[in-house]
Structures are given as C-alpha cells and as structure tokens.
K.L.:
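Just passing along the structure, written as structure tokens.
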Amino acid sequence: MRRQLCIWMVRLTFSSLRLLTVVDRRGESEESGDDETRRRSINGDVDPNQPATTSKSSHCTDVDLVHCRIGKIEGLEVLQKAKTLSLRQNLIKKIENLDSLSSLRELDLYDNQIRKLENLHNLTELEQLDVSFNILRKVEGLEQLTQLKKLFLLHNKISSIANLENLIGLEMLELGSNRIRVIENLDTLASLQSLFLGTNKITQLQNLEGLHNLTVLSIQSNRITKIEGLQNLVNLRELYLSHNGIEVIEGLENNKKLTTLDIAANRVKKIENINHLTELQEFWMNDNQIDNWSDLDELKNAKSLETVYLERNPLQKDPQYRRKIMLALPSVRQIDATFIRF
C-alpha cells in the first residue's frame, strides 16, 4: 500500500503553541475519509477551528511534541487514536487531561517538572511509560496499568520501591539515579527481565528471589560490599556491579548463564570462583587490585570470552601485559578498549 504523508493542523491551547503538525506514517485507509478530505489534509488546507472532524477521519499513531516549552497538558482530545505520545523536554508540572487517549501504548514525559504520578488510570492499554528526569518522590498511581511492560523512572527523587504489585507483565524497570536504599516489593514481578538500580544508596543484594526470568541486573554505583542473594536468578545473563565496595568474587554458583560480568572499580584482590561461568563473553575487572597472573586461569573454561578489561590493576605494570593476556586467553579479541590485531 502506497505510503501517504498526512499533515494535521490542530488547534491547541498551549500558551506558546497554536498549531500542531503531526505526520502520519501509516498508509492510506478506507476509513481516512473521502478524497476531498484527504486532498485538503495533504495540502495543509484544514480549518483549525474544526479539529474534532479532522481527528475522526485520520489514523495518526505517533505524536511528537518535544522541546516545545509546553507548560500544561491540554487540548489533546483530538488525538484519540494516537498510539504514542512524546512530551519530552517541556515544562510540564502535572500529568492531566489524558483520559480521552485510552488507545495510547507509549507515553514519554522525560525531562519535565512533574512531581507526582497521577491521572493515568484510564490509560489501560499503556505498554511503555517514561517519566525519567522529573521530581518524583514516590512510585504511585500505576495500579490500573496492568499492560505495562517498560517503566522508566530514571533520575528522580524516589526513596523506595513500592506500589508495583499490579504490574505483573512488567519486563523492564529502570530506577537508576534515585535515593533508594533497599531492594524490596518486587515479589509479584515474575515477568521482569531487566532491572536497573544504578546510582542509588543500596547496601545489600536482597529480595530478588522471585525474579526467575531476570536476564539483566544492573546495580552499579551503590554501596554493595558482598555478592549475595542471586542464587535463584538462574537465567541471569548480564550482571553489572561496578563502582561498589566488593572485596571478594563469590555467590555466583547458580548463575551459569552469565555472558557479561562487570565488577570494575571495586576492591577485589583475586579473580576466583568463576571457573564455572563457561558462557562468559565479557569480563570487566578494571580498577581493582589484581596482581597475580595465575588468576586468569579462572577464565580458561570460558571458550567464547572475547572482551577482558584489566587496566588499572597492578598487572598492567608488567611490560608484557597485553601479550600475557593473549597467551592465557587465546579467544579474547579485545583487551581493555583496544582490539587485538592479528
């Protein structure tokens, strides 16, 4: 079906925005109105005083209002068929006036001034919500969003993980750069595949037992001193623990599917207890205290290992640093940030 460029001129009530241009990337449809309506839409010759008629005869799915200095959400009733709405980088202080957009699948409110998660109860088809870089202090108001698969709450002021028990279909949760101290209240999120908790104030790996489907766990830049509580995460493939206070590599006995292990910038003195991680492809151990070349024997069972980071360890002072890594781990193709030349 021939792709058609359909331009709407919709009257809005934003203080600094009077005309909204929306590009419809879907093909022409029998439901898109008569030929005269389509012709006038293509030419941009649509009466801005009749937005309701225009919205009923179109199939707009993607609406982008990025960096428009919008201070209030209003006048979007004409976008009832929209599937994605992006209001990134505006001046919005409150989530409101979205009840009529019940068909939304994705809502992006990244980088605004929102203080509370509210008025989202009617968006029951929502699959992705991004309210990162705002001023949120609580996770709340999401009880009705049972179809949600991805939730981004990066860089707010959230102090605890709570009120997520109804989001049983959630696959990705991003809570990095907040004020969280305890991993908790994740028991019902059995579908969760990716969990990001970097740059918080977490001191212990705990309460992760129910996340059997988790494949990615990132808890960088926290206050973790011990690797523990991961025994039930048998499907874990990527584990990021850099910039903590870990002294011993341990507690990974059941995580045999790991392909990426990042323990960079900790206090580890010895590479140990990982010779069973035969599927490792990337091993990040830079900025630690490794000084014994025999430690690399722990990695010899990882036949698919391609990337190793060991820079800024005492080992790097050896003039034969790169050569010795290559001899010990012949499958490696990248040492630190530099690829091996053959």
Side-chain angles (χ1 to χ4, degrees), residues 183 194-209 211-212 214-318 321-322 324-337:
I183 302 174
S194 302
L195 176 60
F196 299 91
L197 293 168
T199 317
N200 277 283
K201 301 179 180 181
I202 298 169
T203 58
Q204 185 177 1
L205 285 167
Q206 60 183 342
N207 300 321
L208 297 167
E209 294 81 6
L211 306 183
H212 301 289
L214 202 68
T215 59
V216 179
L217 174 60
S218 176
I219 192 164
Q220 305 176 36
S221 299
N222 276 274
R223 301 173 182 178
I224 304 294
T225 57
K226 184 178 182 180
I227 304 176
E228 59 185 341
L230 306 178
Q231 58 272 13
N232 285 5
L233 308 186
V234 295
N235 290 307
L236 199 63
R237 301 188 68 83
E238 300 177 25
L239 177 59
Y240 301 93
L241 293 167
S242 67
H243 295 89
N244 279 283
I246 297 168
E247 297 183 356
V248 179
I249 304 176
E250 59 185 340
L252 300 174
E253 292 78 14
N254 294 347
N255 310 119
K256 298 178 181 180
K257 294 184 180 181
L258 278 175
T259 60
T260 299
L261 178 59
D262 178 5
I263 314 181
N266 278 279
R267 301 171 184 171
V268 178
K269 296 180 179 179
K270 182 177 180 59
I271 301 175
E272 58 186 338
N273 301 320
I274 59 171
N275 60 6
H276 62 290
L277 302 182
T278 58
E279 296 187 23
L280 268 186
Q281 298 174 13
E282 296 194 18
F283 181 63
W284 297 57
M285 186 53 68
N286 53 282
D287 297 281
N288 277 283
Q289 302 170 29
I290 310 300
D291 59 3
N292 194 330
W293 283 107
S294 64
D295 286 6
L296 296 186
D297 290 344
E298 282 287 311
L299 296 167
K300 287 189 174 181
N301 291 334
K303 303 302 182 181
S304 298
L305 189 65
E306 296 184 351
T307 301
V308 172
Y309 274 78
L310 287 167
E311 58 188 347
R312 293 183 294 279
N313 278 280
L315 286 180
Q316 195 180 24
K317 297 178 181 179
D318 191 319
Y321 169 71
R322 290 180 60 83
K324 287 186 176 180
I325 294 177
M326 292 168 61
L327 290 174
L329 305 170
S331 65
V332 168
R333 295 294 176 264
Q334 179 181 336
I335 299 174
D336 303 328

K.L.:
CG/Leu261 to CD1/Ile249 distance, rounded to the nearest 0.5 angstrom?
P.N.:
6.5 Å
K.L.:
Which atom names give the shortest non-hydrogen contact between Phe283 and Leu299, and what distance separates them?
P.N.:
CD2-CD1, 3.7 Å
K.L.:
Any side-chain heavy-atom pair from Leu195 and Val216 closer than 4.5 angstrom?
P.N.:
no
K.L.:
Rounded to the nearest 0.5 Å, how far apart are CG of Asn207 and CG of Leu211?
P.N.:
9.5 Å
K.L.:
Judged by atom type as modelled, is there a donor-acceptor pair below 3.5 Å linking the side chain of Asp295 to the main-chain atoms of Trp293?
P.N.:
no
K.L.:
Where do Leu315 and Tyr321 come nearest, in terms of heavy atoms and distance?
P.N.:
O-CD1, 3.6 Å
K.L.:
With rounding to the nearest 0.5 Å, note down the distance linking CG in Leu239 to CD1 in Ile227.
P.N.:
7.0 Å
K.L.:
Would you give the length of the straight line joining atom CD of Gln204 to atom NZ of Lys226, rounded to the nearest 0.5 angstrom?
P.N.:
9.0 Å
K.L.:
Closest approach of Glu238 and Thr259, non-hydrogen atoms and distance?
P.N.:
CG-OG1, 4.2 Å
K.L.:
Hey, does the side chain of Asn254 reach the backbone of Gln231 with a donor-acceptor pair shorter than 3.5 angstrom?
P.N.:
yes
K.L.:
Taking side chain as C-beta onward, heavy atoms only, is Ile335 less than 4.5 Å from Val332?
P.N.:
yes
K.L.:
Does any pair with a residue in residues 241-269 pass salt bridge (charged side-chain N to carboxylate O under 4.0 Å, His left out), and if so which ones, sequence neighbours excluded?
P.N.:
none
K.L.:
Quick one: does Asn200's side chain have a donor or acceptor within less than 3.5 Å of a partner on Leu197's backbone?
P.N.:
yes
K.L.:
Less than 4.5 Å apart, side chain to side chain, heavy atoms only: is that true for Leu217 and Phe196?
P.N.:
no
K.L.:
Any side-chain heavy atom of Ile290 sitting closer than 4.5 Å to one from Met285?
P.N.:
yes
K.L.:
Main chain of Ser331, side chain of Arg333: is a donor-acceptor contact present, judged purely on distance under 3.5 Å?
P.N.:
yes
K.L.:
Going by the side chain to side chain donor-acceptor pair (under 3.5 Å) test, which pairs reach into residues 298-311, not counting sequence neighbours?
P.N.:
Asp297-Lys300, Tyr309-Gln334
K.L.:
Do Leu208 and Asn232 come close enough that some side-chain heavy atom pair is under 4.5 Å?
P.N.:
no
K.L.:
Kindly write out the residues that satisfy side-chain hydrogen bond (donor to acceptor under 3.5 Å, both in side chains) with Asn292, not counting sequence neighbours, or none if the list is empty.
P.N.:
Ser294
K.L.:
Would you compute the distance between atom CG of Asp291 and atom CG of Asn313 and round it to the nearest 0.5 angstrom?
P.N.:
8.5 Å
K.L.:
Hey, are the side chains of Gln316 and Asp336 touching, using non-hydrogen atoms and a 4.5 Å cut-off?
P.N.:
yes
K.L.:
Please name the pair of heavy atoms, one in Ala302 and one in Leu277, separated by the smallest distance, quoted to 0.1 Å.
P.N.:
CB-O, 3.8 Å
K.L.:
Do any N or O atoms from the side chain of His276 and from the backbone of Leu252 form a donor-acceptor pair under 3.5 angstrom?
P.N.:
yes
K.L.:
Keeping Asn244 on the side-chain end and Asn222 on the backbone end, is there a donor-acceptor pair under 3.5 Å?
P.N.:
yes
K.L.:
Would you say the side-chain atoms of Asn288 pair up with the backbone N or O of Val268, donor to acceptor, closer than 3.5 Å?
P.N.:
yes
K.L.:
Kindly say whether Thr215 contributes a backbone atom to a donor-acceptor pair with the side chain of Asn235 at under 3.5 angstrom?
P.N.:
no
K.L.:
Tell me, do Ile271 and Leu310 make a side-chain contact under 4.5 Å, heavy atoms counted?
P.N.:
yes
K.L.:
Flag the pair Leu329 / Val308 as yes when at least one side-chain heavy-atom distance between them is below 4.5 Å, and no otherwise.
P.N.:
yes
K.L.:
At their closest point, which heavy atom of Arg312 faces which heavy atom of Asp287, and how far apart are they?
P.N.:
NE-OD1, 2.6 Å
